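It should be emphasised that the depicted structure is a prediction, and the values quoted were computed from it without experimental measurement. Below, chain A is the first sequence line, B the second, and so on; all start at residue 1.
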Amino acid sequence: MNEILTPAIDWAMVGPILTLTVTACVVLLVAATPARRGPLPFILTLAGLGAATGSLLALWERSVHQSAFGNMLVMDRAALYMGGIVLFSALLSVLLSRQYLERVPAPAAEYYALLLLAAMGMLVMASSNNLLVIFMGLEIFSVALYVLSGITRDWLRSLEAALKYFLLGAFSTGFILYGMAFIYGATGSLDLLACCRQARDLLAGQGDSGMALVLLLGLALMIAGLAFKVAAVPFHWWVPDVYEGSPTPVTAFMAVGTKGVAFLVLLRLVTTTFGDVLVAQWTMVLAVLALLSMFVGNLVALVQRNIKRMLAFSSVAHAGYLLVAVAAGTDLGTSAMLFYFAAYMLTTLGAFGVASLVAETTEKGDQGYGMERYAGLSRSNPGLALAMSVFMLSLTGVPPLAGFVGKYFIFQAALQRGLEGSRIFLVLSVVGILLSVVSAAYYLRVIVTMYMVNPEGERPRVVTAPDTGFAIAVAALGLFYLGLYPTAVYDMTRSLHTTLQALAALWLG
Amino acid sequence: MPLVSYISLSAVLFVIGVMGVLLKRNVLTIFMSIELMLNAVNVALAAFARHHGGLDGQIFVFFVMAVAAAEAAVGLAIFIAIFRLKQTTDVTEINLMRW
Amino acid sequence: MDAAMLKEIGEIVVRMLIIFTAVFTGVGYMTLVERRVSAWMQDRLGPNRVGPQGLLQPLADGLKHLMKEDVTPPGAHRMVFILAPIMVLIPAVLSFAVIPIAGDAINLQDLGLPWDWQIKPFIADVSVGLLILLGLASLEVYGVVLAGWSSGSKYPAMGALRSTAQMISYELALGLAILPVVLTTGSLRLQTIAEAQAGTWFGFVPHWNVFIHPFGFLFLLISIFAENKRLPFDLPEAEPELVAGYHTEYSAMKFVMFYMTEYSAMIANAALMVTLFFGGWQVPGLVLPQPWMFLVQAGAFAAKTFFFLFLFVWVRWTLPRFRYDQLMNLGWKVLLELAFINLLVVAMLVAAGVM
Amino acid sequence: MSFLHLIWLIPILPFAGFVINGLLGKRFLPRPVVSGIACLAVLASLVLAVGAIRDLHDEQGLADMLNNGTALSALGVRPSADGFGAVLGPTDPDRGLVLEASIPRARQIQWLWLSVGSVSVKWAYSLDPLSAIMLLVVLGVGFLIHVYSIGYMAHDEGFARFFAYLNLFMAMMLVLIMADNFLVMFVGWEGVGLCSYLLIGFNYREMFNPARHQSCADAGRKAFIVNRMGDFGFMLGMLLILVTFGSLDFGQVFRGVHALAEAPGSQSLLTAMALLLFVGAIGKSAQIPLFVWLPDAMAGPTPVSALIHAATMVTAGVYMVCRCAALFAAAPLALTVVAVVGGMTALLAAAIACTQTDIKKVLAYSTVSQLGYMFLAAGVGAFSFAIFHVMTHAFFKALLFLGAGSVIHALAGEQDIRRMGRLTRALPWTFGTFAVAAVAIAGIPPFAGFFSKDSILAAVFFEQPILWGAGAFTAGLTAFYIWRLVFLTFLSTDRVEKERRGHLHESPWSMLAPLVILAFLATVGGFLGVPAFLAESVPGLHAAAEWLPGYLEPVFRDARVAGTGMGALGFHGQAAVHGGVTAAGEWGLMALSVLLAVAGIAWAWLLHGRGGELAARMAAGLGSGYRLVRDRFRIDELYDRIILKPFYFMCRAADAFDRFVIDLMVNTVAIATEITGHVLKLFQTGSVRAYALSMFIGVVALLAFLVMS
Amino acid sequence: MSLDTILASGASIAAIFSALMVVWQRSAVISALFLVLNLGSVAILFLTLGGEFLAAVQVLVYAGAIMVLFLFVIMLLNPAPLKERFASGPVVTGLTFALGVLFFASLMRGVMSLAGAGGTMASVGESYGSTRSVGELLFTAYLYPFELAGVLLLVAMVGAVVLARRQAPGED
């Protein structure tokens, strides 16, 4: 029996991921005790998320590039940034959940555990440069989210959401996997950077020329799969139904986390692996996806009367804006995308948080996501209405809120590409801004309803628990902070592009 | 068999799987078709691994199986739960949420 | 087709002949043994009329079933109904393909036959034999499920559901119980595992795995009882509740196939236990020239296997039947955990260099 | 320490008022306190602004400040070669006060807002003559309207909310005015839009247009969305500027414009920038084709109409164009577009105003028309005249609205001028001040409107004679419709409904005082910009000769340099520049415009002053009035046929054009968008299989595109 | 033709046939059976590709566990066989097929480029794909994803329990 060399493990590197996993296990153990009914799972979850955030910050301080397990775990700044967003959104989502779980029939402890594990999967996906690990991370959080979306299992809507999400998710997994297989086939490696090197050689005419087409197949299928996760048209179909049916805090977390890490992987794919090969192809594809997403998302959101569906379509539209930035492929685009995402996170979590509060539970499931339920909210709950207005205005892109600054960055990047001669980006920026005008109509409808429509009958005061209120307030104030002092975060995102590039450079020599 | 035969076979299986997803009505059959797709991917991965002479592809297959197992567990649980409420496995009858 | 290839095929055929003949004979007589031993335990005679001591009874049974009317119930799914018993039998029989019955190969010339053919003591030399064995065991479930489903009636369906659940549940414990052996031996090849058990401690304690992994053996034993749906775990076909479980609707040859399956699986599992924990064909300290060595080892293997077969029958009339929830609880809440802890402890010991 | 250090407080104070009143107003503060806080906040800002402007022109003080180093990081700045002196010191601080010498301009940098690579955008304010004038106008008029609102809103349950919004509006408007770069301006730009929306929908419970089931809330939404359409242009223009010049600072951008204008082939880029910005201005300042929101905006309380939709916010577009004078001057084509759009809007809106029966709608269209004038001025390069008109317009239009508000207040909400009349006795003060404003807007010397309008017309005459024709005709129409309003409202016959008559009363002092002050301003405001030739020939006016254009001259100096000679009209000696035209020509033009105004008033009197028989006959049509016509007014028949009918036809046509073409156009776009949304929504069938199929179509398309190409 | 090629060809044909039958059959149980056949054929393909461990795992995990679970659930739910083979009408079905053909054509265009000299199999040693070699890789280079697989299965387990558990009275 020959000796197997056990790999050395840098425990600090896996710290955030490990913390989440261990916390989830502890929460699951608590679920087996009578304490499951108490606040213990909630507190443990918060503590775990806090600890994970702490170890993430420690990693941030430690170094710019750090990797373990042969680049399978790459805790570069980009990963840490997106990981931070994931953890933060998980934190807010947990804060939103406690009150929500009190009135819906769902097992709380398991809920928290799955949420933690989903966050863990997202972290894994965000912090990897390896196709296999990306896939594993993707599956971990996807499976957890399939369950979470159906966790109120006595409600048909919830289960229907789970079913749709599951079937379509598994379907898209098939494509993404096939894409990975082809990329592996063409390059002989699962490591994105090694793939990158190989891809360059291939397209430079070295090696087997037949593999170039296989590489293209892989790229196409992977983009399709990731487009599903980021909810870009025409892969967005699951979004409205799943967002509507899932428990609202889950929806919020799902909308942010899934999209975030998928976008990061997309960035890694197009900026590092295909950063200088097949550029024309993926740029065009992403641009078209962006165009479609903005168009369909905004227009359909316009005619929605259910707030969750409206937010769902709006999230499709926002995927479009984000894709514009990714498609730009420049450092401006990358940093704009990452910055916009921070703003998107706060608004999404906040808006869904308010939605979860305003809704009410009946036997058949959550009711009251109709717009009419917001009538008179400004008088029954002025604070809540104000916060919701802030979220809506930020989504509209009204300065000085974060949403505006983000849009500004994105369209700056796009227009720059446009002026450099890429006509599609001119179209993208014009259409994008024009459609964000359209978006004002439906975001404003919420504000109009809250402030200017009289409720039919008595509008009961919505009870807001302190933790929920805290989460919403944090989101709202965060939007002001990001809008007025975006420099700190933006500088961070600026450095991330260099990180992504530098990683490739480091590897390629 | 040469590589191209294996990959062609994988493509055929994959397309059949896709067709199954698109054409069938029963959630269980749809899910089986998805398994068919994963299986096709596995063939491609193993063949590519053999082509390159590395084991990465085979390892990947191993993980795909693990994933398939996980998905099956959760998916079937969802089917059971939904069947309990609605007594159907016909996806065309599951469209409460639309528009 | 050249001579070498012909020879290879010939060798395989002979191997198969030897082993499958042994198995089918074993199956046939196992039915007799069971009835006789049962009778003996219950202080009665059992079948003793056909041939001396009833030795021809299996033959007579076979003939009887061949001539019986083969009924297919109207609600059945015909194709699957026919397929099910075949699907259940094949994996059970196939499992013998990887079990070694002796140490070294023998040459047919040693037996005085004219062919210079090396006959290996197993049909297929597979390096992942144990996995194949487990895989085949899990495939057995199909036949059961399909039998229950295709019969189109309630009792079979219930029986099939029960047995499926039971088999799936105990497969895990079974796998975990085996793993410590794999861990210390470092191979999944059954012949390697058997060979590794050569020698003795202190000159008289055989170097068998059962002494190293007593708990593993215990868990395996329990799991195998459950896997085979033998009493005290015969819930799927518990006659007071389910008539005869998943094969209620079967008759004639198809029924025989289920019957054969049960016994061949029993034998296979017994052989597995022997191979893994009782040195397989090992007879400590025995050195003989071929072909005697081969024959004695095969005999020893058969004897050890028979001991376990006897144990099956013995237990059948000793222990009462479990309740279904007790069975599941035992499987999931006790056995699985214990087997896992066992594996963990062994792994730690291996890592610490103790084993 | 000087007032210049405190300019950051100018927007903050009203904002603080907003926060206090918004949070505590409704539940904890009594009404006097609420209104006190709101008014005092604006007053304090006004004081600060006056102080800062004084300090800005206190050369000795500035020199002292520079020498003593009192300024946080005051840097001596030499005038740059191109006359646009914004050369910053060696280190560009993220905070601090920067003084420029060539233009009296102080810039205060609050913090580094955004920094994208080499591009950094600071949250910075600047104070120069242009923003000074706007500050004084906005704060002055704003303060008066705050005071007025105390009385007007006294009985409204949303008292605190109203003042909070009003204060927020002031804050945003001040940010807009004082912004030192496009982005900060955009913050104010959007902010005022938001406040406008909130205030239009203030009485959200009421149906604003029962016939179309349009509530006030809908009107507010319409305003906001139409404004967003304009913002689309603004945003794109801003981004285009950013990626072209790598900066959004006004100073740097305009320097960049000069550099770029020299380069060949840059015209299209400059034109694109200017036009996109102008799209923003069109939205905000309600020009063709985006003016549809402004008449609807009258759903808001009248003080809001006065402040936001007449005096201040809607002029933001004009202000922005003037602020970007250098850019527009460098893009002659864009400038022409501005002029044409302005001229057409002025004419069209004035014509529509002639047909309106709602007192506020008349004023709304009048506002659109007057804004058109301002753009006309800007479009011919007479930026300082545009600002001059902004100022005078603020005075008289605010006055008109407040007067109208007073009337509405007195009549308990009645807005239809067909049910007014003979109010002079009941509302003497209101009538008096309203009449002053009407004279001013009609362009009768020496009231404020006369000077500004006449300056504009003169400038246009030299640059775009055809548009001058439209402008002059509009002047006549203006006089007509405003006096039609006066006659129908205050004079003519008494048509007030009986139940409202008992309610009739003159407004409280808090409402009247602002009226009087504004009336004074509307009377004398024009003397800030008396044309040179006039000033020279009239004794005692010499000092006032073109004071305002002269004051603004440094700001627009480079617009003249970069342009093609246009813009020269903005200050002293326009006759000298257009050497061929003598003072006599100017006298002639002035006389003509006065004549037009008088004619308009006379005409209004003819039609409506005598009890409206003629108008009634017009409305009744020829059939019913046939005998009258034949028997007693034979001459009237002729008059009818050749003048009245075509005139009314034109006005009605304009109205119809508004309703059926422009409104329809805007609505069609909106409805088409909505229908597209509905159609797209139908694809969301809820069926997983359909979703999977659609996804697959996407995959196939993607694959086919990538692999097959 | 070597034995491997014969084996592979046979398995390929069986795989394609069984895959077609999975889609073609009306009854879920029969479909599942054909899927098992398909998995078995693929296991043989793995063998011909040198993936001996893989083949075993394929049978053990896929056929032995996953598909049994499937059958189990199918029996539990016992859906009636459907009347029509495909859920859509002829037009949509036709469209779907057309799309499938287009998709296949696109795939094949890429795949066919492998037919050249580059599409050869590397020569590999005896230990290629053996349990030991795969196992060693799993516990060294692929330790991290291996652990992740554990987490994934945990998630799936918890999820399945949460979703499928019948709610006991008085439980949250």
Report task. Return the option, out of A/Gly185, A/Ser158, A/Ala181, with the maximum number of heavy-atom pairs under 4.5 Å with chain B. Result -> A/Gly185
Report task. Taking the side chain as every heavy atom from C-beta outward, state whether A/Glu139 and B/Phe63 have any pair of such atoms under 4.5 Å apart. Result -> no
Query raised in the report: Does the pair B/Ile30 and A/Phe171 meet the rule for a side-chain contact (heavy atoms from CB on, under 4.5 Å), with working shown?
Result: CA-CA 9 Å; B/Ile30 290 177; A/Phe171 190 49; over 6 Å; no
Query - Portion of B/Ile80 that has a non-hydrogen atom of chain A nearer than 4.5 angstrom - result: neither
Requested in this report: Working to the nearest 0.5 Å, report the span between CG of A/Leu167 and CD of B/Glu71.
Outcome: 10.0 Å
Query raised in the report: Can you tell me how far the OG1 atom of A/Thr187 sits from the CZ atom of B/Phe48, to the nearest 0.5 Å?
Result: 9.5 Å
Report task. Please round to the nearest 0.5 Å and tell me the distance separating atom CZ of B/Phe83 and atom CG of A/Leu159. Result -> 13.5 Å
Query raised in the report: With distance as the sole test, does A/Tyr184 use its side chain to make a donor-acceptor pair with the main-chain N or O of B/Gly57 at under 3.5 Å?
Result: yes
Query raised in the report: So which of A/Val303, A/Asn306, A/Leu177 has the largest heavy-atom pair count under 4.5 angstrom toward chain B?
Result: A/Leu177
**Report entry** Interface moiety of A/Ser149 toward chain B, non-hydrogen atoms closer than 4.5 Å
**Finding:** neither
Query raised in the report: Considering only heavy atoms, which portion of A/Phe175 lies under 4.5 Å from any heavy atom of chain B: side chain, backbone, both, or neither?
Result: both
Report task. Please state whether the side chain, the backbone, both or neither of A/Val214 comes within less than 4.5 Å of a heavy atom of chain B. Result -> side chain
Query - Atom group of A/Phe166 that falls short of 4.5 Å from chain B, counting heavy atoms - result: side chain
Query raised in the report: Looking at side-chain heavy atoms only, is the closest gap between A/Arg153 and B/Ile78 below 4.5 Å?
Result: no
Report task. Taking all non-hydrogen atoms of both residues into account, name the closest pair between B/Val41 and A/Gly174 and its distance. Result -> CG2-O, 4.1 Å
Report task. Would you please go through residues 5-14 of chain B and name the residues with a non-hydrogen atom below 4.5 Å from one of chain A, in numerical order? Result -> B/Ile7, B/Ser10, B/Ala11, B/Phe14
Query raised in the report: With a 4.5 angstrom heavy-atom cut-off, which part of B/Leu45 approaches chain A: side chain, backbone, both or neither?
Result: both
Requested in this report: Identify the two heavy atoms, one from B/Lys86 and one from A/Leu156, that lie closest to each other, and give their separation to 0.1 Å.
Outcome: CD-CD2, 3.6 Å
Report summary line: Here the gap from B/Leu38 atom CG to A/Thr173 atom OG1, rounded to the nearest 0.5 Å, amounts to 7.5 Å
Query raised in the report: Where do B/Ala40 and A/Tyr178 come nearest, in terms of heavy atoms and distance?
Result: O-CE1, 4.5 Å
Query raised in the report: Where on B/Ala49 is there a heavy atom nearer than 4.5 Å to chain A: the side chain, the backbone, both, or neither?
Result: both
Requested in this report: Output the distance between atom NE2 (B/His51) and atom CE (A/Met211), rounded to the nearest 0.5 Å.
Outcome: 3.5 Å
